[in-house]
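Data first, discussion second: the structure below is written as structure tokens.
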Amino acid sequence: MAAALRPPLAYHLAESPLGWVLLAADASGLRALLLADSPEAALEELAQRFVGAALVAEPSLSGDMAQILRRLEQPDSPLDLPLAPAGTPFQQRVWQALGEIAAGQTVSYAALAARLGSHPRAVARACASNPLAVLIPCHRVVNSRGQLAGYRWGLARKAALLARERQPLAGA
DNA sequence: CAACACCAATTGG
DNA sequence: CCAATTGGTGTTG
């Protein structure tokens, strides 16, 4: 038989100041949020992440997409979406820890590793596997010297996200 | 199941 | 500045 068929994945594309955004979801919730330079690139990455899954364009996701686009502008804006990132237990732990970093703050791989009783290299690896760009704030993780290290979706985007989050909300 | 290569780091020489 | 080390994961045998 053909490769294992999987439950279909609904996706939706939109353009943002950071490039193209691809949102993918199934019955469990949001499975992926990817950034790319073009719709084609985004879809390609999605297909690579979910090998064998049927990808279905789903315009009705535009409502959810709107929330996400708004969050790109205002990191503090609320998000009412079920997140369902797929990953190993270790990855889930890392991602959850990431979620506890406040907007505008950064954390080093070393500190995160210490908090999780792991190793920086492993943490970085888990961050790199993050399927939910921005929503799981892996862009808030930097190296020990407080400098940007790497970013799966491009250092430029990481820098842009951090700059946006550091915007003072009311003067300051 | 075992071995190997890959990587978004860190520390020491 | 370069080299060695370290942890988890995906891929291959």
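Naming: A, B, ... by sequence-line order, numbering from 1 per chain.
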Backbone N/O of A:Gly19 and side chain of A:Ser16: donor-acceptor pair under 3.5 Å
yes
Rounded interatomic separation in angstrom, taking CD from A:Gln92 and C1' from C:dT9:
15 Å
Would you mind classifying the nucleic acid contact of A:Thr88 as base, sugar-phosphate or nothing, using non-hydrogen atoms under 4.0 angstrom?
sugar-phosphate
Using a cut-off of less than 4.0 Å, is there contact between a side-chain N or O of A:Ser144 and OP1 or OP2 of B:dT10?
yes
Between P on B:dA8 and CZ on A:Arg140, what's the gap in Å once rounded to a whole number?
21 Å
For the student: nearest non-hydrogen atoms of A:Leu34 and A:Pro131, plus distance:
CD2-O, 3.9 Å
What residues from residues 115-128 of chain A pass a heavy-atom cutoff of under 4.0 Å to DNA chain C?
A:Ser118, A:His119, A:Arg121, A:Ala122, A:Arg125
Within the 4.0 Å heavy-atom criterion, would you say A:Phe90 contacts the bases, only the backbone, or no part of the nucleic acid?
sugar-phosphate
Output the rounded distance in Å from CZ (A:Arg93) to P (C:dG8).
9 Å
Do the side chains of A:Asp76 and A:Arg70 get close enough for a salt bridge, i.e. N-O under 4.0 angstrom?
no
Given side-chain contact (heavy atoms from CB on, under 4.5 Å), test A:Cys127 with A:Tyr151 step by step and report yes or no.
CA-CA 9 Å; A:Cys127 292; A:Tyr151 194 55; over 6 Å; no
For A:Asn130 and C:dT9, what is the distance between atoms CG and P respectively, to the nearest whole Å?
14 Å
Do any N or O atoms from the side chain of A:Trp95 and from the backbone of A:Leu132 form a donor-acceptor pair under 3.5 angstrom?
no
Rounding to an integer number of Å, can you tell me how far A:Gln48 CD sits from C:dG10 C1'?
12 Å
Spell out, as yes or no, whether a donor-acceptor pair under 3.5 Å connects the side chain of A:Gln67 to the backbone of A:Asp80.
yes
Do the side chains of A:Glu100 and A:Arg140 get close enough for a salt bridge, i.e. N-O under 4.0 angstrom?
no
Let me know the distance between CZ of A:Arg49 and P of C:dG10, rounded to the nearest Å.
10 Å
For C:dT6, which nucleotide in any strand shown is its Watson-Crick or wobble partner with both distances under 3.5 Å?
none
Roughly how many Å is it from OH in A:Tyr109 to P in B:dC7, rounded to a whole number?
15 Å
